[in-house]
2 protein chains.
Amino acid sequence: MFRFNKDMEYALISLVEMSRQKEFQLLSARELSQRYAIPFKLLARILQKLSTDGLIKSVKGPMGGYRLNEQPENIRVSRILMAVRGEERIADCMSPGGDCAQDKIGCIIKPLIQVFQDKWVSFVENTTLDEFTGSNGNG
Amino acid sequence: MFRFNKDMEYALISLVEMSRQKEFQLLSARELSQRYAIPFKLLARILQKLSTDGLIKSVKGPMGGYRLNEQPENIRVSRILMAVRGEERIADCMSPGGDCAQDKIGCIIKPLIQVFQDKWVSFVENTTLDEFTGSNGNG
DNA sequence: AGTAATACTACTAAATAGGTAGTATTAACG
DNA sequence: CGTTAATACTACCTATTTAGTAGTATTACT
Ligand code: FES
Ligand code: FES
């Protein structure tokens, strides 16, 4: 609960790495997979999602690979989440029209859940990739 | 990923309900279980965790049950999380001494993960139960 | 033609979440 | 003192989600 999963971790690693490439220089799934010991096919699938979204650009064939399609300062964490995981809420009842079983008497914790949801959305909307690419703490 | 699970949902419902009881009045697991259609044994186990933590007080025997052991304004969400789930981070590498596989070259996304971790902790530390007990939005 | 890259889909394994069951302990009440 | 209704604890099972594997198709450089 409330944990980054591997897909997001791999997506973030890939995007940060790409942001460090020289402009228009491509980075292949194979290269990333080996550099970070990430299962190749798994990583490829994630990169394809980022590509479908338009966050990154893909080039097929030998010498192909991926590169960022946006400036890091324009890449919001919310967009990465959307590309990799699709639309997601912190609880089912936060979906449009969604609700839990206690609708008759009114759910007593919905306001609480809503506060979490709003804060979360605000956070991922206001956090961009470039905030992290500069400082490379070891660890 | 980043979703409330049932345990937390049930814990929150229980705590908010207790905060609405008259002072020192007990609420039993059976009553809560029926009122919210929550599996009894499952709910009982969660309440026992809250009791072990000291968040709520338990009374055994007929006429027994649970009541809040703290003022709602002193119950931080972080404490509820700790009682129900134990120590948890948004990623393994956020644990003391923890790290991902890329320690040689320095993990490029650790600063990013750290930002999330810090913001998250700050949020759950600064959010208390009483912020929600007043407004009971239906839905 | 051969090869090295992405694209797509189906499947499997591992981990987590959610729920069930049974027994022990405690205390009110007749 | 026995019955009963409550919490306390532990083991187990099932369902869902996460993580990883496999195979094939497509594209384009050489
Ligand atoms: S409506 Fe969200 S938990 Fe009840
Ligand atoms: S140290 Fe946290 S993902 Fe690398």
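Proteins get letters first, then strands, A, B, ... in listed order; numbering begins at 1 in each. Computed over heavy atoms, backbone and side chain alike; hydrogens, waters and symmetry mates excluded. Quick caveat: nothing in here was measured; it's all calculated off a predicted structure.
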Rounded interatomic separation in angstrom, taking CE from A:M1 and C1' from C:dG18: 13 Å

Phosphate-side-chain proximity, B:Y10 and C:dA17, N/O vs OP1/OP2 below 4.0 Å: no

pair A:E88-B:F2: side-chain heavy atoms closer than 4.5 Å: no

Axial cation check for B:F40 ring with B:R30, 6.0 Å and 45° limits: yes

For atom CD of B:E31 and atom P of D:dA6, their distance in whole Å: 10 Å

Within residues 39-54 of chain A: residues closer than 4.0 Å to DNA chain C (heavy atoms): A:F40, A:R45, A:Q48, A:S51

For atom CE of B:M63 and atom P of D:dT4, their distance in whole Å: 17 Å

Distance in angstrom units between B:L27 CG and D:dT7 C1', rounded: 14 Å

OP1 or OP2 of D:dT18 under 4.0 Å from side-chain N/O of A:R85: yes

Given C:dA7, C:dT3, D:dT4, the nucleotide with the shortest approach to the side chain of A:Y66: C:dA7

Residue among B:L27, B:L47, B:I46, B:I80 satisfying side-chain contact (heavy atoms from CB on, under 4.5 Å) with B:S14: B:L47

Comparing A:K6 and A:G61 on DNA chain D - which has the more 5′ nearest nucleotide: A:K6

Salt-bridge criterion met for B:D7 and B:R85 (N-O under 4.0 Å): no

side-chain N/O A:N5 vs D:dT17 OP1/OP2, d < 4.0 Å: no

